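This one's a predicted model, so the numbers in the text were calculated from it and none came from an experiment.
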Amino acid sequence: MNGLDQLTPIILTVITASTPLLFAALGELVTEKSGVLNLGVEGMMVIGALAAFAVTTQTGSAVLGMAVGALAGAGLALIFAFLTLTMLANQVATGLALTIFGVGLSALAGTGFVGIALTPLQKLDIPVLSSIPVLGPLLFNQDVLVYLSFAMVFAVYWFLNATRAGLILRAVGVSHASAHAIGLPVKLTRYLATLFGGLMAGLGGAYLSLSYTPMWAENMTAGRGWIALALVVFSTWRPGRLLAGAYLFGFITVLQLHAQGAGFAVPSQVMSMLPYLATILVLVLISRDKIKIMQNAPASLGKPFHSAK
Amino acid sequence: MIRLEHRGQHSQTMLYLSPLLAVVLTLIFGTIVFAILGKDPLVALYTFFVMPLTNLHGVSELLVKATPLVLIGIGLSIGFRANVWNIGAEGQLTIGAIFGGGLAIYFHDSDSLFLLPGMIVAGIIGGMVWAAIPALLRTRFNANEILTSLMLSYVAVLFLSYLVHGPWRDPGGYNFPETRLFPDAGTLPTLISGTRVHLGGVFALLVVFSGWIILSKAVIGLQLRVVGLAPAAARFAGYNENKLIWFSLLLSGGLAGLAGLSEVSGTIGQLIPTISPGYGFTAIIVAFLGRLHPVGVLLSGLVLALTYLGGEMAQIEIGTPAAVTGLFQGALLFFLLACDVLTNYRLRIGATRAERGGVA
Amino acid sequence: MFRKITLAVVAAAFALSTSVGAIAEENKVGFIYVGPIGDHGWSYRHDVGRLAIEKALGDRVKTSFIESVKEGPDAERVIQQLASSGHNLIFTTSFGFMNPTLKVAKRFPKVKFEHATGYKRSDNLSTYSGRFYEGRYVAGVIAAKMTKSNVVGYVGSFPIPEVVRGINAFLLGARSINPKITIKVVWVSTWYDPGKEADAAKALIDQGADIITQHTDSPAPLQVAENRGVYGFGQASDNLHFAPKAQLTAIIDNWDSYYVSRARAMLDGTWKSQDVWGGFKDGMVSMAPFTNMPSDVSKLAAETQAAITSGKLHPFQGPIKDQEGKVRAEAGKVLDDGTLLGMNWYVEGVEGKLPQ
């Protein structure tokens, strides 16, 4: 037995802990890149978790469940988009209200699903490759949502940096006035970016209720939407760094549990602080280059846009 | 297609009319929701909005519930004006409660008149200390205060949990997670006997008034507004941005700390693992719903407090689950926020003339 | 001027309050829960008890509840709200509601209060709790028979006496069969976060535990046990359907008969303040069917349960040594309830140090 064999299960746990954060944060990253700050991630996640669970238990189709979970997240995002983009309501307050609304709605609609069990999502085993020692089970024997989360990191990176639509989205986020002046569809872009954020938060929720802990219980997101929001800031709006941030957070969370099991005599509350402290520490270390962050931060984040202003 | 047309100036009529419109829309929404749930909508809405206020106890509880929301909301709204995003008031509240409450626990057999003032000062300092960390990290290391202040909230709550589960446990309390009860000298006096309205309510009113003075009269108030509205102009005018960041965070942190101290000393009377049902986060809504204006914050704090009381009332009286409260609160906020915009814009339904002419 | 207005408002408020208060004539029983009834754990079980009252007493009482009441400033208001809206009997179902309940009980001497898991009582305030450690002892016996690695993983919430007592009882039960058993504990610093509870269970399995047990609210650790092919125990409810191959049994919180009897006592006028700490014997703690084990093990488990029920066996019967080797109970002695209530030390065999 070598150290690597011990590490494999730890990393597997880290993957499950990080995947919902990665989904939700990636969606929020795109939303924020377009200049919209949606603090309702927690609400969209929890409604996604319920919708995915409900549809999967009723129809037996996890794929349909995921799709509906994502759409449910997008549905809440649509309310947000209508209020903030069409009705120009304050984004911060609307986002927080969206969380209250989403948590309430899911709890109300989910009453009948409490205490129902569900078989966890099937692992997609990639033959041959998955039997490679250590790397095999890590990379080639995960469920479909884990693969999708990685794919989305690359897709978002590619979209933002290599496509014309991505360029438009970034331009809208930097200055909606200039973007509007040169004829870019500011409002449409922001609507789509917000909806994408909702889809991804919904998928993050679906991962929770279908794979991570296959069940429905009120408030089962337990604050993960907030962590996702913080991770977007941590990433300084770059997908690659977001991936690193989500896994750093997941890794420290799991590591402290292992440390406790190994008999580390530190109060458990202090152990539970570690992921938060580590995130702050790393943010401080990477934030020192002010110019670089300014380049990535969407300058008109959170500001309302009205074309006739 | 719904379009908004800029009015060019604030509509005074809509300033007062828009909250009414929001209430009407909420009532319609509520009627539908309660009807779907099989409850009599009229009874439900009465229970939700009116019943909590039909007796002295209800009114007093409204004030008690609104106190921390207003205290924190004022501090946050001043910072938000300068684009300083302190979303960690929950943590600052917690540390304020720990600092102030710690004093009461240490001097648990004291009857000194100085204990309470000392606790109040300690509470404010505690909040400021916790807010100073994001301020330092932002000004020295350029670390975004949204992340740092939020993360520090979790740390603060865990720290409180550690203290009350560990070293600060009540020695006579069978090792349960709670501290001793504060001595009388460490308890905020109640203002109306038979109710829980405590001195913290007076603090809140004083803070509303001072906040209004700061924003409308003081130089720093002007600077804060300019930084928020036009950062470039502010830099041009030679304002020290770092100074404003420190000011905003220390002020909002100190007020959150005061709110925390008021809660533990005014309503709870000891330290326990949960001292706030999320006041630090709810206060963010309060700040924006109040249009970042001190008087607005006072009103929105009362409105939000009412929705909590109404939600509890509805659970007791008509048996709606707690989830309905959240749903309903969310909807009310949506309507209030959306209608708010009508003070500056006119609603037009249908295409504009220009579009009909075929020009985009 | 201001004073006059205030007085007028107060007077009006009083007038209204008396008119509202006059309606209440029926018998009402109120509950406050710390979590949502949809948590499928602690609060859910209390609500099952509330429904039992409705079923047993029908039209004679009305019940109402408020869920997700945070311990803290809100609790006192909610309890007072129940008391002032005509509830004659009020159950406050979390430890953190103790002082608020006491305060309100003083103000409403005619209303009867029942506080779960606390220790402060008065003429109109009873306390009640379950001896869940009896169930944990039986679970320990089963675990000792089923483990191969001799390591049990315990997912804990917070290091409070209730949880520590459960850990110790489990270990004593296990060691009564197999003295080589040890327990590893991971604290998650929350009562309810399915994801984190699952992660803790995985960490424990990765460190060699082949039995998972928990003192947190969600069935997530049990699901992990099912998924990883080890055994586990249900918490609060029978959760066999969450883990058909993994659940050995479950320790069930059973408030039904207690709640019905107290509501009935209130109706009959025989309610008296008391302190009840009920176990198997009183029906407050019960075990789900013993599953996934050979018949000799389930027979042994049933015998252990019967012995505890009859009083022949006490889980905390000496000799009991703590981690430092200090004797806490001599052979033949039983730890008294006061010691059990405030237990803040591990018995020999629990790994790691108890956070103090």
Side-chain angles (χ1 to χ4, degrees), chain A residues 39 43 79 82-84 86-94 96-111 183 218 223 226-227 229-234 236 267-273 275-277 279-280 283-290 293 297 302 304 306 308-309, chain B residues 2-6 37 80 83 85 87 133 137-138 140-144 146-148 150-155 157-163 165-166 281-282 284-289 291 321-334 336-342 344-345 347 360:
Chain A
L39 296 187
I79 299 180
F82 174 74
L83 290 168
T84 58
T86 300
M87 298 303 291
L88 304 184
N90 178 282
Q91 294 181 5
V92 174
T94 308
L96 291 168
L98 194 72
T99 290
I100 298 177
F101 185 81
V103 171
L105 182 63
S106 63
L108 192 64
T111 326
E218 266 188 68
W226 292 97
I227 304 299
L229 276 164
L231 288 173
V232 177
V233 177
F234 176 92
T236 60
S268 54
Q269 289 95 345
V270 176
M271 289 294 218
S272 296
M273 289 176 193
Y276 308 110
L277 292 173
T279 319
I280 294 177
L283 179 78
V284 167
L285 292 177
I286 61 178
S287 293
R288 304 180 69 173
D289 188 354
K290 201 168 181 172
I293 288 178
H306 185 254
K309 213 168 179 177
Chain B
I2 301 171
R3 296 205 155 265
L4 295 174
E5 234 173 65
H6 205 273
L37 291 171
F80 289 164
N83 283 337
W85 296 102
I87 57 170
I133 303 172
L137 297 180
R138 164 84 189 265
R140 279 277 286 137
F141 302 103
N142 192 37
N144 188 309
I146 295 182
L147 180 133
T148 53
L150 177 65
M151 292 296 186
L152 283 169
S153 286
Y154 293 103
V155 175
V157 170
L158 285 164
F159 182 57
L160 173 69
S161 166
Y162 162 70
L163 287 176
H165 280 98
F281 299 108
T282 314
I284 302 175
I285 304 182
V286 168
F288 280 105
L289 200 59
R291 304 186 183 119
V324 173
T325 309
L327 191 70
F328 202 53
Q329 249 175 357
L332 173 68
L333 291 169
F334 288 156
L336 279 171
L337 292 163
C339 291
D340 196 25
V341 82
L342 298 176
N344 286 323
Y345 296 91
L347 203 59

Scan the side chains in residues 99-106 of chain A for donor-acceptor partners under 3.5 Å anywhere in the protein, sequence neighbours excluded, and list what turns up.
residue: A/T99; atom: OG1; partner: A/L39; partner atom: O; Å: 3.4
residue: A/S106; atom: OG; partner: A/G102; partner atom: O; Å: 3.1
residue: A/S106; atom: OG; partner: A/V103; partner atom: O; Å: 2.9

Item to check | Region of A/L108 that comes under 4.5 Å of a non-hydrogen atom in chain B | outcome: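 The answer is both parts of A/L108.
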For chain B, which of [options] has the most heavy-atom pairs under 4.5 Å?
options                        : answer
A/S268, A/A109, A/A230, A/G110 : A/A230
A/G43, A/P275, A/G223, A/A89   : A/A89
A/L285, A/V270, A/T279, A/V232 : A/T279

Flag the pair [X] / [Y] as yes when at least one side-chain heavy-atom distance between them is below 4.5 Å, and no otherwise.
X      : Y      : value
B/L152 : A/Y276 : no
B/L137 : A/I280 : yes
B/F334 : A/L98  : yes

Less than 4.5 Å to any heavy atom of chain A: does that hold for the side chain of [X], its backbone, both, or neither?
X      : result
B/D340 : neither
B/F159 : both
B/I285 : both

Nearest 0.5 angstrom please: [X] [atom1] to [Y] [atom2], how far?
X      : Y      : atom1 : atom2 : value
A/N90  : B/I284 : CG    : CD1   : 11.0 Å
B/L289 : A/T94  : CG    : OG1   : 9.5 Å
A/Q91  : B/F288 : CD    : CZ    : 10.0 Å
A/L229 : B/L147 : CG    : CG    : 10.0 Å

Checklist entry - What residue, out of B/I146, B/L327, B/L333, B/I87, has the most heavy-atom pairs lying under 4.5 Å from chain A? => result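 Answer, by heavy-atom pair count under 4.5 Å with chain A: B/L327.
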Next on the checklist: Can you tell me which of B/A323, B/A287, B/G330 forms the most heavy-atom pairs within a distance under 4.5 Å of chain A?
Outcome noted: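 Heavy-atom pairs under 4.5 Å are most numerous for B/A323.
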Next on the checklist: Suppose we screen for side chain to side chain contact (heavy atoms under 4.5 Å, CB included). Which residues come up paired with B/L160, at least two apart in sequence or across chains?
Outcome noted: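 B/T94, B/I98, B/V164, B/L271, B/I275.
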Item to check | Ring center gap for A/W226 and B/Y154 short of 6.0 angstrom | outcome: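 Between B/Y154 and A/W226, which both carry aromatic rings, the centre distance is not below 6.0 Å.
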Item to check | Heavy-atom pair with the smallest gap, counting every atom of A/S287 and B/N142 | outcome: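 Closest pair (atom of A/S287, atom of B/N142, distance): O-ND2, 3.1 Å.
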Checklist entry - Minimum heavy-atom separation for B/A338 to A/M87, with atom names? => result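 Closest approach of B/A338 to A/M87: O-CE, 3.9 Å.
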